[in-house]
Amino acid sequence: MSGEEGADRAGPSRPVPEDHVAARIKLEREARGWSTVKLAEEMADAGHPINQSAIWRIESGKPRRRVNLDEALGFCKVFDITMQDLIGPPGELATPRIRQLVRDYVRGTREYRQLRAAIDRNQMELHSIQMELNAYGDKGPEERGQVDELLRLEERATARNSHPSRAHPGNQGQTPSGQ
């Protein structure tokens, strides 16, 4: 194959999905705020080494550099996308900002569910403790008084320990004024 044929093959007459791949790589890289150097590092870490200048030539070269199968698999791995996503028209997906918002929403939803589960476990534990304290207090007025007094003392101690003056290192060992 002559040099002219090679340029033709890598240039304007190449298959449309190859243009999609180039555009998608740039879109995914920019959506993550990565430089071409950072993408090259990520590809190497994923076991699909490619240098920064090759990435630039894929995205912006005249003619653009073609992507081989090993590189395509690597891009799919580092961007966490399917091969179909890599070769499909990138314009079908939302802007990088919307895609970032979607990622943030999914991450936030997962964190919320984890926190909600922790809150639910805490509520169940508190309910169990309250039931046991009530059972003890139901034995008689003296026991009820003991529970009430212990609760007051504990709440006061907790409030005292969380007082803002206790947080300042210079105030350690000093009692907050008015106590």
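The structure presented is a predicted model; accordingly, all values stated were derived computationally and were not measured.
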Min side-chain heavy-atom separation Val147-Asn134 under 4.5 Å = no

Do Ser60 and Lys26 come within less than 4.5 Å of each other through their side chains, counting heavy atoms only?
-> yes

With distance as the sole criterion, is a donor-acceptor pair present between the side chains of Thr158 and Asn161 under 3.5 Å?
-> no

Under 3.5 Å: donor-acceptor pair, side chain of Arg32, backbone of Phe79 = yes

Is Met83 close to Leu73 at the side-chain level, that is, under 4.5 Å between some pair of heavy atoms?
-> yes

Is the side chain of Ser162 donor-acceptor paired with the backbone N or O of Ala159 at a distance under 3.5 Å, no angle test?
-> yes

Val78 side chain reached by Asp45 side chain, heavy atoms, under 4.5 Å = no

Salt bridge Glu71-Arg65, side-chain N to carboxylate O under 4.0 Å | yes

Check ion pair Glu149-Arg152 (N to O, under 4.0 angstrom) | yes

What residue among Arg24, Met43, Arg29 forms side-chain contact (heavy atoms from CB on, under 4.5 Å) with Phe75?
-> Met43

Counting N and O atoms only, with roles assigned by atom type, does the side chain of Ser128 sit under 3.5 Å from a partner on the main chain of Met124, one being a donor and the other an acceptor?
-> no

Taking the side chain as every heavy atom from C-beta outward, state whether Leu86 and Ile25 have any pair of such atoms under 4.5 Å apart.
-> yes

Please collect all side chain to side chain donor-acceptor pair (under 3.5 Å) contacts where either partner lies in residues 113-127, sequence neighbours excluded, each pair once.
-> Arg116-Asp120

